[in-house]
There are 2 protein chains.
Amino acid sequence: MGINAVFEALSHPVRRKVLALLKIGPMSAGELAEHFDLTRPTLSVHFAKLREADLVAVERQGTSLIYHLNTSVLEQALADVLSLREEK
Amino acid sequence: MGINAVFEALSHPVRRKVLALLKIGPMSAGELAEHFDLTRPTLSVHFAKLREADLVAVERQGTSLIYHLNTSVLEQALADVLSLREEK
DNA sequence: ACTCTAATTAGACAAAGAACTAATTAGAAA
DNA sequence: TTTCTAATTAGTTCTTTGTCTAATTAGAGT
């Protein structure tokens with residue numbers, strides 16, 4: 001599942017932009033949403049795919065959910081493509 | 001156009017496997033097809049997406065089409081993700 | 001307990017993706 | 001020019017994805 005989920009997640013521009021924003025620093029779902037012209041539910045589904053790929057982690061802070069980038073997973077995936085080897 | 005097509009192309013396991021095979025060396029469409037359990041037309045569509053992303057180039061040799069990996073485009077795309085910057 | 005805010009999940013639907021078979025193009029060889 | 005082989009394009013069908021609105025969950029404050 002791992003690598004497939006990662007590349008599936010990376011395939012959408014919105015999700016790549018989310019990752020780029022999180023590169024700057026952790027951010028709540030709401031803050032992230034302000035950078036897009038999409039409804040929150042739609043964004044929420046994108047977040048779910050990023051979580052599924054383990055590209056981001058989430059942490060509750062009061063009523064907000066703070067997302068942060070899981071740098072190592074991203075770098076691992078890219079290293080895999082560089083060597084162009086499939087799967088685990 | 002570039003980056004979206006590249007990530008779209010990378011999002012399917014079959015296409016990543018094609019790239020991995022081409023990493024070894026140039027190969028005809030037919031030779032590539034032998035490594036998969038899919039019909040040639042189906043593979044042909046996958047090849048088209050890789051061409052569209054400029055991840056591979058193709059060259060006719062008699063009646064065969066020889067595909068080869070466009071290494072620089074692939075590496076550029078990965079470098080872009082590493083720095084997580086969008087677009088050109 | 002009620003209410004407010006933050007976010008997700010559920011349900012619906014149009015658009016895109018991936019697979020197949022059948023038809024077409026392109027080159028080589030008889 | 002007919003025929004054979006290699007590969008692609010066309011057309012169809014089924015599944016998945018992306019988006020929306022409406023409903024739900026979770027925490028904080030009153």
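Residue numbering restarts at 1 for every chain, and letters A, B, ... go by the order of the sequence lines.
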K.L.:
Would you say A/Tyr67 places a side-chain N or O within less than 4.0 Å of OP1 or OP2 belonging to C/dT8?
P.N.:
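So the side-chain polar atoms of A/Tyr67 do come within 4.0 Å of the phosphate oxygens OP1 or OP2 of C/dT8, strictly under.
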K.L.:
Given D/dA7, C/dG17, D/dG18, which nucleotide is nearest the side-chain atoms of B/Lys49?
P.N.:
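Looking only at side-chain atoms, B/Lys49 lies closest to C/dG17.
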K.L.:
Measure from the side-chain heavy atoms of B/His12 and tell me the nearest of C/dA18, D/dG27, D/dG18.
P.N.:
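The answer is C/dA18.
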K.L.:
Kindly write out the residues that satisfy side chain to side chain donor-acceptor pair (under 3.5 Å) with A/Thr71, not counting sequence neighbours, or none if the list is empty.
P.N.:
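Listed in chain order: nothing, the list is empty.
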K.L.:
Kindly state each residue pair satisfying side chain to side chain donor-acceptor pair (under 3.5 Å) with at least one member in residues 53-68 of chain B, sequence neighbours excluded.
P.N.:
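Sorted pair list: B/Arg51-B/Tyr67.
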K.L.:
When the distance from CG of B/Leu50 to P of C/dA18 is rounded to whole Å, what number comes out?
P.N.:
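So the CG-P distance, B/Leu50 to C/dA18, works out to 11 Å.
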K.L.:
Rounding to an integer number of Å, can you tell me how far B/Gln61 CD sits from C/dA28 P?
P.N.:
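Rounded to whole Å, this separation is 11 Å.
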K.L.:
Which nucleotide, C/dA18, D/dA7, D/dG18, lies nearest any side-chain atom of B/Leu65?
P.N.:
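Minimum distance to the B/Leu65 side chain belongs to D/dA7.
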K.L.:
Using heavy atoms and a sub-4.0 Å distance, could you list which residues of residues 34-44 of chain B are near DNA chain D? By number, please.
P.N.:
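Only B/Arg40, B/Pro41, B/Ser44 qualify.
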K.L.:
With a 4.0 Å cutoff (strictly under), does any side-chain N or O of A/Arg60 reach OP1 or OP2 of C/dA7?
P.N.:
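No.
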K.L.:
Would you tabulate the side-chain donor-acceptor contacts of residues 40-49 of chain A under 3.5 Å, counting partners in other chains and residues two or more places apart, or write 'none'?
P.N.:
from: A/Thr42; atom 1: OG1; to: A/Thr39; atom 2: OG1; distance (Å): 3.0
from: A/His46; atom 1: ND1; to: A/Arg15; atom 2: NH1; distance (Å): 3.1

K.L.:
Would you mind telling me which of D/dA26, D/dA6, D/dT19 lies closest to the side-chain atoms of B/Ser64?
P.N.:
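Nearest to the side-chain atoms of B/Ser64, counting from C-beta on, is D/dA6.
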K.L.:
Atom CD1 of A/Ile66 and atom C1' of C/dA6: how far apart are they, to the nearest Å?
P.N.:
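The answer, rounded to whole Å, is 11 Å.
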K.L.:
In whole angstroms, how far is the P atom of C/dA7 from the CZ atom of A/Arg51?
P.N.:
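About 12 Å, once rounded to whole Å.
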K.L.:
Measure CZ/A/Phe47 against P/D/dT17 and give the value in whole Å, please.
P.N.:
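Interatomic distance, CZ of A/Phe47 to P of D/dT17: 19 Å.
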K.L.:
Only counting residues at least two apart or in another chain, list the ones meeting side chain to side chain contact (heavy atoms under 4.5 Å, CB included) with B/Glu31.
P.N.:
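Residues passing side chain to side chain contact (heavy atoms under 4.5 Å, CB included) with B/Glu31: B/Met27, B/Ser28.
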K.L.:
Is any side-chain heavy atom of A/Val56 less than 4.5 Å from a side-chain heavy atom of A/Leu19?
P.N.:
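Side chain of A/Val56 against side chain of A/Leu19, heavy atoms only: contact under 4.5 Å found.
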K.L.:
Could you tabulate the donor-acceptor pairs under 3.5 Å formed by side-chain atoms of residues 5-13 of chain A, not counting sequence neighbours?
P.N.:
from: A/Ser11; atom 1: OG; to: A/Glu8; atom 2: O; distance (Å): 2.7
from: A/His12; atom 1: ND1; to: A/Val14; atom 2: N; distance (Å): 3.1

K.L.:
Of the nucleotides D/dG27, C/dA18, D/dT5, which one has an atom closest to the side chain of B/Thr63?
P.N.:
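Among the listed nucleotides, the one closest to the side chain of B/Thr63 is D/dT5.
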K.L.:
Evaluate the side-chain proximity of A/Leu22 to A/Leu32: yes if any heavy-atom separation is below 4.5 Å, no if none is.
P.N.:
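A/Leu32 reaches A/Leu22 side chain to side chain.
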K.L.:
What's the CD-P distance between B/Glu8 and C/dA18, to the nearest Å?
P.N.:
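Nearest whole value for this atom pair: 6 Å.
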K.L.:
Could you tell me the separation between the CD atom of A/Glu59 and the P atom of C/dA7, rounded to a whole number of Å?
P.N.:
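Rounding to the nearest Å, CD of A/Glu59 and P of C/dA7 are 13 Å apart.
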K.L.:
Taking 4.0 Å as the cut-off, does a side-chain nitrogen or oxygen of B/His46 come that near to OP1 or OP2 on C/dG17?
P.N.:
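So the side-chain polar atoms of B/His46 never come under 4.0 Å of the phosphate oxygens OP1 or OP2 of C/dG17.
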